[in-house]
Amino acid sequence: MIELPFGPSAIDLAAAPNLADLGALGTLTGASLDPAVFDYTASIRFDWKLYRQDVRGSIGHVRMLAAALPEIMPLADAAEIEQALRDICVEIDAAQHRLVPLGEDVHSHVELRLRALLEERHPGRGEDLGRRLHTARSRNDQVATDVRLWCMDAAAELRASVIDLQAALLDRARTWPEAVFPGYTHLQPAQPVLFAHHLLAYVEMLERDLGRLQRAAAEASVLPLGSAALAGTTFPIRREITASELGFGSISANSMDAVSDRDFAVELVAACALLMAHLSRYAEDLVLWASDEFGLIGLSPAWAEGSSIMPQKRNPDTAELTRGKAGRVFGHLQALLTTLKSVPMTYGRDLQEDKEALFDSAATVRGALRALTVATRTLELRVERAAERAAAGYSTATDLADYLVRRGLPFRTAYDAVKRVVLDAVARGVPLGDLSVEDLRRFHPAFELDALEAVRVERSVGARDVPGGTAPAQVCAALGAAEERLQQHRSTAA
Ligand code: ARG
């Protein structure tokens, strides 16, 4: 396996080197494009982000060439090329957005730089040495390989960020394991729940996202290199060597499919889109909870900004932006599918359009995950206000109906009786907890003194003692299971 020295994250690289004028850059083929066309078709502004993957891909390729074709690529030459590629990686690590590009795309840049560097090191011979690297390879299988490696790297980084958010949610659930909280449907007060139960709902959603990210990485883990332009190569290469050097699970079965397949990119962006949909739901809950009207949580200055005109204000900007940025990631998914649609077999330059959608999706989701992790870590539940709202809105009326069912009534009959109880109480402005047995008995004779007990919030929550329910015993077990799962994720990720 090829390990590069520790370097910047695949996702967090700055968006683009500051390239004012690409017109003077070279191409690998020596074509002299009109500057306006070159500026339009060049991808170095964004695909330079692939440099670590491109360098790794080339090292895997040259190692395989040395093993399979030593007469064309002697071991010593391969070692020289590998060293120069490693040095180029470090060079770009350091340059970042100040990178001075040599070619139209990252592949050209790395190759042109390699040839120049080798020529410096071995005057009269180095350039030729570098020119051997592209034996049995096309940019078509090269870029497909780079993008797959990038997807695998990015999926691992995103998984780590999802796990961090899960940890923050579990930490908050652990802080208030038995605090009650209003549960809503249709955003109307529905039934009381435990706050921890609500937070664990997000942990479950994120767990599915982890699975999707893992499956997206597995989809990407198929080596295209060796497919060359579209038909394979005339050299007896050994693709399984390249695959194992680069950490791919398998090699592609059809060269034509391999150079034009970007399904794996769609899978990763789709995983990002659904993750972003989940984050936008959590963000929306935070906005609501933090509003004066709900008043269920306090806003920490770590993630809520003030207003430039209204001195009294603090706004949940982070959460609002997460709602807003969901649209951007959904758009990328649509854009990617539209780009892939109708591309005739095999590679078409259309496919270059996969990158910005992919990079920005991952960067956007990663930013949202990080910001919401901060918001979650600093989240302060207003325990008393939450308890008050949990009891409001006749939220335990279902418990009263269930009470009558235990006394032998059919549920629908019990429901009708309790509905009359509630309508009357609403008309008189009396909360459910303040009703007397006499009040209840006016609507059904089966009510006894213990019916008053059934409408207490703690009793209502505790009664939902089914697997997946909100009773403290269930939530405590769920919390323990989620913490254990988190430990496993952490140990497999490390
Ligand atoms: N920048 C190109 C891309 O991202 C690299 C492959 C170019 N291949 C070609 N045959 N022009 O797709």
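Counting convention: from 1, in listed order, for ligands and their atoms alike. In this text the structure is predicted, and so the values were computed from the model without any measurement.
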Query raised in the report: Would you say the side-chain atoms of Asp128 pair up with the backbone N or O of Arg125, donor to acceptor, closer than 3.5 Å?
Result: no

Query raised in the report: Thr376 side chain to Leu372 main-chain N or O, any donor-acceptor pair under 3.5 Å?
Result: yes

Requested in this report: Give a yes or no answer on whether the side chain of Asp350 reaches the backbone of Thr339 with a donor-acceptor pair at less than 3.5 Å.
Outcome: no

Query - Ligand-side contact atoms (ligand 1) for residue partner Gln352, heavy atom cut-off under 4.0 Å - result: 1 (N), 2 (C), 3 (C), 4 (O), 12 (O)

Report summary line: Within the 4.0 Å heavy-atom cut-off, what Asp354 brings close to ligand 1 is neither

Query raised in the report: So which heavy atom in the protein is nearest atom 8 (N) of ligand 1, and how far is it from that ligand atom?
Result: Asn140 OD1, 3.1 Å

Report summary line: Ser43 heavy atoms within 4.0 Å reach ligand 1 at atoms 1 (N)

Query raised in the report: Which residue owns the protein heavy atom closest to atom 5 (C) of ligand 1, what's the atom, and how far is it?
Result: Asp105 OD2, 3.6 Å

Query raised in the report: How does Glu104 reach ligand 1, if at all, at less than 4.0 Å between non-hydrogen atoms: by side chain, backbone, both, or neither?
Result: neither

Report task. Mark yes or no for whether Asn315, through its side chain, and Asp317, through its backbone, hold a donor-acceptor pair below 3.5 Å. Result -> no

Report summary line: The answer for which part of His107 has a heavy atom under 4.0 Å from ligand 1 is side chain

Query raised in the report: Non-hydrogen atoms of Lys355 versus ligand 1: any pair closer than 4.0 Å?
Result: yes

Report summary line: atom 6 (C) of ligand 1 sits nearest the protein heavy atom Tyr347 OH, 3.4 Å

Requested in this report: Would you confirm whether Glu119, through its side chain, and Glu127, through its main-chain N or O, come within 3.5 Å as a donor-acceptor pair?
Outcome: yes

Requested in this report: Give a yes or no answer on whether the side chain of Arg239 reaches the backbone of Ser252 with a donor-acceptor pair at less than 3.5 Å.
Outcome: yes

Query raised in the report: Taking the side chain from Thr233 and the backbone from Ala228, do they hold a donor-acceptor pair closer than 3.5 Å?
Result: no

